[in-house]
Amino acid sequence: MEYIGKNEQLIEIDDQTGKWSELTLLPEWEEKYYNVYTIRKHGKWVMLKALKKEYADDPTYQAMLEQEFETRYNLAHANIVMVNDFEEVPGVGKAIITDDAYGWTLRRLIDEKRLTPKIIHRLQTQLLDAMEYIQENHIIHTPITPDTIVFTEYSDNLKLINVGYDQVGSLSEQDTAEDIRSYGRVLNEVLDKLPTSLPRLRKIARRCLESPSPYRSIADVQLAVEKRNSGQIFIFLCTFIVLMACLLLWLVLIK
């Protein structure tokens with residue numbers, strides 16, 4: 001198996017049950033309070049997110065990890081890595097168990113100059129779909145970056161990792177604006193590495209980074225990517241309603 005990170009570190013664990021094996025630390029996925037691992041659970045590859053040793057016994061950080069599990073466990077989207085369980089793992093402690101993101105991060109694809117038209121298309125569709133889902137569910141999270149975007153090996157499908165930390169009653173304008181800026185930064189970085197210019201996407205990226213941005217939500221960004229805007233949709237709906245009214249009137253008159 002080829003992992004999505006580099007400099008992986010295989011860790012020996014003492015598991016008498018045979019449930020867990022091949023624990024591997026992924027240093028590139030390290031967060032401030034957490035480590036990320038791959039491991040076999042009953043022979044199947046999964047991923048773990050657990051507190052670093054210096055935080056593992058602190059109730060405050062334990063509560064943070066559990067809160068993240070509860071938030072992420074309720075997410076269900078094809079382009080977000082799914083959370084499966086929260087359990088004790090030998091050599092790691094309490095850990096969030098997720099599906100294995102088998103593939104490569106966008107960061108690695110950028111660094112290795114392996115960007116393809118399919119990947120660009122996924123950023124315009126699947127990434128925005130996942131980000132809109134996060135906003136619709138009022139999820140507070142760290143900024144989305146090329147390091148938290150994974151493309152699967154066999155189909156190049158996009159997956160977001162480590163997206164959900166807390167769920168609130170409603171997102172603030174600042175939370176929504178940060179998502180838009182994150183998308184603009186990701187898009188800009190990818191466009192900088194392409195051998196060709198894509199002026200329409202570059203314009204969208206620039207507008208995402210404006211302060212204030214003309215986009216008020218990820219849904220607005222989607223409309224821009226699809227070459228539409230809310231005004232055009234409103235005109236289309238009004239035209240459709242008028243045409244339907246005329247049709248109904250005509251049917252009444254010919255009876």
Side-chain angles (χ1 to χ4, degrees), residues 1-8 24 26-29 36-40 44-49 72 75-84 96-137 139 141-164 179-205 208 218-219 221-228:
M1 174 179 180
E2 181 177 356
Y3 299 113
I4 57 180
K6 301 176 184 178
N7 306 316
E8 302 92 356
T24 305
L26 303 178
E28 290 189 355
W29 289 30
V36 178
Y37 309 81
T38 56
I39 194 171
R40 285 187 184 271
K44 178 183 176 181
W45 286 107
V46 295
M47 298 189 76
L48 311 178
K49 181 174 183 178
R72 294 180 64 188
L75 299 180
H77 191 279
N79 302 117
I80 297 176
V81 172
M82 297 295 294
V83 167
N84 300 321
I96 296 173
I97 317 296
T98 75
D99 288 346
D100 182 38
Y102 186 23
W104 298 272
T105 62
L106 178 58
R107 168 70 58 214
R108 185 167 178 177
L109 293 172
I110 291 172
D111 291 345
E112 297 179 359
K113 299 180 180 179
R114 295 167 57 194
L115 297 170
T116 66
K118 182 182 285 188
I119 287 173
I120 306 304
H121 179 67
R122 298 287 195 247
L123 294 174
Q124 296 177 72
T125 54
Q126 294 182 347
L127 177 56
L128 286 173
D129 285 344
M131 294 180 73
E132 183 182 25
Y133 176 82
I134 290 169
Q135 286 196 349
E136 287 176 344
N137 285 274
I139 302 299
H141 58 91
T142 55
I144 291 169
T145 70
D147 302 282
T148 60
I149 299 169
V150 172
F151 288 89
T152 58
E153 180 189 19
Y154 298 110
S155 60
D156 287 341
N157 280 328
L158 181 148
K159 297 280 187 179
L160 283 181
I161 59 173
N162 294 343
V163 294
D179 273 346
I180 294 169
R181 284 192 293 270
S182 292
Y183 184 74
R185 287 191 291 265
V186 169
L187 202 56
N188 252 343
E189 186 169 353
V190 168
L191 293 172
D192 286 344
K193 301 298 182 181
L194 293 180
T196 184
S197 63
L198 298 173
R200 187 175 64 85
L201 286 182
R202 181 70 77 176
K203 182 177 180 181
I204 290 172
C208 285
I218 289 296
V221 181
Q222 286 179 306
L223 290 173
V225 168
E226 295 168 5
K227 298 184 180 179
R228 297 181 300 174

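For the single chain, residues carry numbers from 1 onward in sequence order.
Here the shortest heavy-atom pairing between G184 and C208 reads CA-CB, 3.6 Å. Taking every heavy atom of both residues into account, M82 and L75 meet most closely at CE-O, 3.4 Å. What you find for P146 and E189 is that their closest heavy atoms are CG-OE1, 3.6 Å. Closest non-hydrogen pair, Y133 versus A76, comes out as OH-N, 2.9 Å.
Within the model, atoms CZ of R122 and CG of L106 stand 13.5 Å from one another, a figure rounded to the nearest 0.5 Å. With rounding to the nearest 0.5 Å, the separation of CD in E132 from CG in N137 is 10.5 Å. Atom CD1 in I144 sits 4.0 Å away from atom CE in M131 (nearest 0.5 Å). W104 CH2 to E112 CD: the interatomic distance, rounded to the nearest 0.5 Å, is 9.5 Å. Taking CD of Q126 as the start and CD1 of I80 as the end, the distance is 11.5 Å to the nearest 0.5 Å. Note that CG of L158 is 11.5 Å distant from NE2 of H121, once rounded to the nearest 0.5 Å.
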Query raised in the report: Step by step, would you call D99 with N84 a side-chain hydrogen bond (donor to acceptor under 3.5 Å, both in side chains)?
Result: CA-CA 7 Å; D99 288 346; N84 300 321; 2.9 Å; yes
Check the pair L48 / I96 against side chain to side chain contact (heavy atoms under 4.5 Å, CB included), numbers first and verdict last.
-> CA-CA 6 Å; L48 311 178; I96 296 173; over 6 Å; no
Checking side chain to side chain contact (heavy atoms under 4.5 Å, CB included) for the pair L160/I134: CA distance, chi angles, key distance, verdict?
-> CA-CA 11 Å; L160 283 181; I134 290 169; 3.9 Å; yes
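D179 is not listed as a side-chain neighbour of V221, based on a closest heavy-atom distance of 4.5 Å or more. Residues I161 and D147 fail the side-chain proximity criterion, which asks for heavy atoms closer than 4.5 Å. Between F151 and L115 there is no side-chain heavy-atom pair separated by less than 4.5 Å. Residues V46 and T38 are not in side-chain contact: their nearest non-hydrogen atoms beyond the backbone lie 4.5 Å or more apart. Inter-residue side-chain proximity for V163 and I139 is flagged as unmet; no heavy-atom pair is nearer than 4.5 Å. Side-chain contact between I120 and L198 is present, with heavy atoms from C-beta onward closer than 4.5 Å. Within the 4.5 Å cutoff, the side chain of Q222 has heavy atoms near those of the D129 side chain. Within the 4.5 Å cutoff, the side chain of R185 has no heavy atoms near those of the T145 side chain.
By the salt bridge (charged side-chain N to carboxylate O under 4.0 Å, His left out) test, E136 is found to be paired with no residue, residues two or more places apart in sequence or in another chain being considered. Residues that satisfy the salt bridge (charged side-chain N to carboxylate O under 4.0 Å, His left out) test with K49, not counting sequence neighbours, are E31, E68. Residues that satisfy the salt bridge (charged side-chain N to carboxylate O under 4.0 Å, His left out) test with D156, not counting sequence neighbours, are absent from this structure.
Test L127, V190, I119 against I149 for side-chain contact (heavy atoms from CB on, under 4.5 Å) and you get one pass: L127.
K159 places no side-chain N or O within 3.5 Å of a backbone atom of T148 that could act as its donor or acceptor partner.
Looking at R202 and D192, a side-chain N of the basic residue comes within less than 4.0 Å of a carboxylate O on the acidic one, giving a salt bridge.
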